[in-house]
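Report on one structure; see the data block that follows.
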Amino acid sequence: MSTEEYNKCVDLHADALYRFLISHVGDADQARDLVQESFARMWVKVDEINGNKAKSYLFSTGYHAMIDQVRRAKKKGHFDEVQQEELAHERQYSDLNEMLHQALDTLPEIQKSVVLLRDYEGYNYNEIGEICQLSESQVKVYIFRARKALKAYIGSVENLV
């Protein structure tokens, strides 16, 4: 990949990568840092990367940087420490977008990632598999389970209105 192709990649894909990462981490500064880290890692291997696969490499790198950061920041606890009252909700929402983001936050990281890559960024199953290092069938399973969990969390649209 040449310097010109790298700069074009920055122009074309920085915003999409930022949207993908901010939907996971929820913090604009962290998302910007992860985007910067992804491009820095890409620059280190700029000679090895094919220009046609730069987007997939970039999203894979961003995804893995985000996972590394989440794992470092996550506090470990025991399942017995969770209060059921904290998991239950009785609030009614009028903002469907807010409800959808809350539902996405309940998903495991891998399911959230594949759903966002598929439905929000428009990647196909093969591309998602390359980014997340999964087989195509694993991607389909994770998307199915995530959508099923989202449906259960949100319920029917009639209940929201």
Side-chain angles (χ1 to χ4, degrees), residues 1-77 93 95-155 157:
M1 167 183 263
S2 68
T3 304
E4 183 179 305
E5 289 175 317
Y6 177 83
N7 290 334
K8 185 177 179 181
C9 183
V10 171
D11 292 337
L12 291 176
H13 306 302
D15 291 336
L17 181 61
Y18 174 76
R19 286 191 311 269
F20 172 69
L21 292 171
I22 198 166
S23 64
H24 278 289
V25 296
D27 180 18
D29 291 333
Q30 274 185 323
R32 280 190 216 103
D33 289 345
L34 288 168
V35 169
Q36 186 174 5
E37 175 68 22
S38 300
F39 279 108
R41 289 182 186 181
M42 187 175 182
W43 180 253
V44 169
K45 296 189 176 191
V46 73
D47 294 331
E48 302 170 21
I49 300 170
N50 181 352
N52 296 332
K53 301 222 178 204
K55 184 177 180 183
S56 293
Y57 181 86
L58 182 62
F59 271 80
S60 295
T61 303
Y63 172 77
H64 291 293
M66 183 260 311
I67 292 297
D68 291 344
Q69 185 180 41
V70 168
R71 285 182 180 158
R72 276 185 250 124
K74 189 182 264 186
K75 293 182 180 178
K76 293 185 179 183
Y93 295 100
D95 187 9
L96 185 58
N97 190 30
E98 180 184 340
M99 180 74 156
L100 182 57
H101 284 291
Q102 288 179 350
L104 283 169
D105 288 338
T106 65
L107 295 176
E109 285 299 321
I110 188 68
Q111 289 181 5
K112 183 177 179 181
S113 296
V114 295
V115 165
L116 288 172
L117 287 169
R118 176 70 179 161
D119 296 334
Y120 190 68
E121 295 296 333
Y123 283 100
N124 65 38
Y125 296 121
N126 268 343
E127 293 171 329
I128 296 169
E130 288 177 19
I131 291 170
C132 298
Q133 295 179 341
L134 300 169
S135 69
E136 186 175 336
S137 60
Q138 286 174 313
V139 170
K140 289 178 181 179
V141 168
Y142 283 133
I143 289 175
F144 173 78
R145 290 177 181 167
R147 288 179 178 163
K148 188 175 176 182
L150 290 172
K151 184 178 177 182
Y153 182 86
I154 294 174
V157 176

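Heavy atoms only: backbone and side chains are in, while hydrogens, waters and symmetry mates are out.
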Other residues, nucleotides, ligands: >12 heavy atoms within 6.0 Å of Q36 CD
no
Tell me if the CZ atom of R41 is crowded by more than 12 foreign heavy atoms within 6.0 Å.
yes
Minimum heavy-atom distance [X]-[Y], with the two atoms named:
X    : Y    : value
S56  : I131 : O-CG1, 3.8 Å
L150 : L104 : CD2-N, 3.8 Å
Y6   : A40  : OH-N, 4.4 Å
K112 : D105 : NZ-OD1, 2.9 Å
C132 : L117 : SG-CD1, 3.9 Å
A54  : M42  : CB-CE, 3.4 Å

Check the pair Y63 / I110 against side chain to side chain contact (heavy atoms under 4.5 Å, CB included), numbers first and verdict last.
CA-CA 10 Å; Y63 172 77; I110 188 68; 3.0 Å; yes
Taking the side chain as everything from C-beta on, heavy atoms only, tell me whether E127 gets closer than 4.5 Å to K55.
no
D33 vs Q69 side-chain heavy atoms within contact, under 4.5 Å:
no
Atom [atom1] of [X] and atom [atom2] of [Y]: how far apart are they, to the nearest 0.5 Å?
X    : Y    : atom1 : atom2 : result
Q30  : L21  : CD    : CG    : 10.0 Å
M66  : E37  : CE    : CD    : 13.5 Å
Y142 : I128 : OH    : CD1   : 13.5 Å

Does a side-chain N-to-carboxylate-O contact under 4.0 Å join D29 and R32?
yes
So F20 and F59, would you call those rings parallel, tilted or perpendicular, with 30° and 60° as cut-offs?
tilted
For R19 and E121, run side chain to side chain contact (heavy atoms under 4.5 Å, CB included): C-alpha distance rounded to whole Å, both residues' side-chain angles, the deciding distance at 0.1 Å, then the answer.
CA-CA 9 Å; R19 286 191 311 269; E121 295 296 333; 3.8 Å; yes
Using the rule given for side chain to side chain contact (heavy atoms under 4.5 Å, CB included), can you reason through Y57 versus E130, listing the C-alpha separation, both sets of side-chain angles and the distance that settles it, and then say yes or no?
CA-CA 8 Å; Y57 181 86; E130 288 177 19; over 6 Å; no
Assess whether side chain to side chain contact (heavy atoms under 4.5 Å, CB included) is satisfied between Q111 and I143, documenting all intermediate values.
CA-CA 6 Å; Q111 289 181 5; I143 289 175; over 6 Å; no
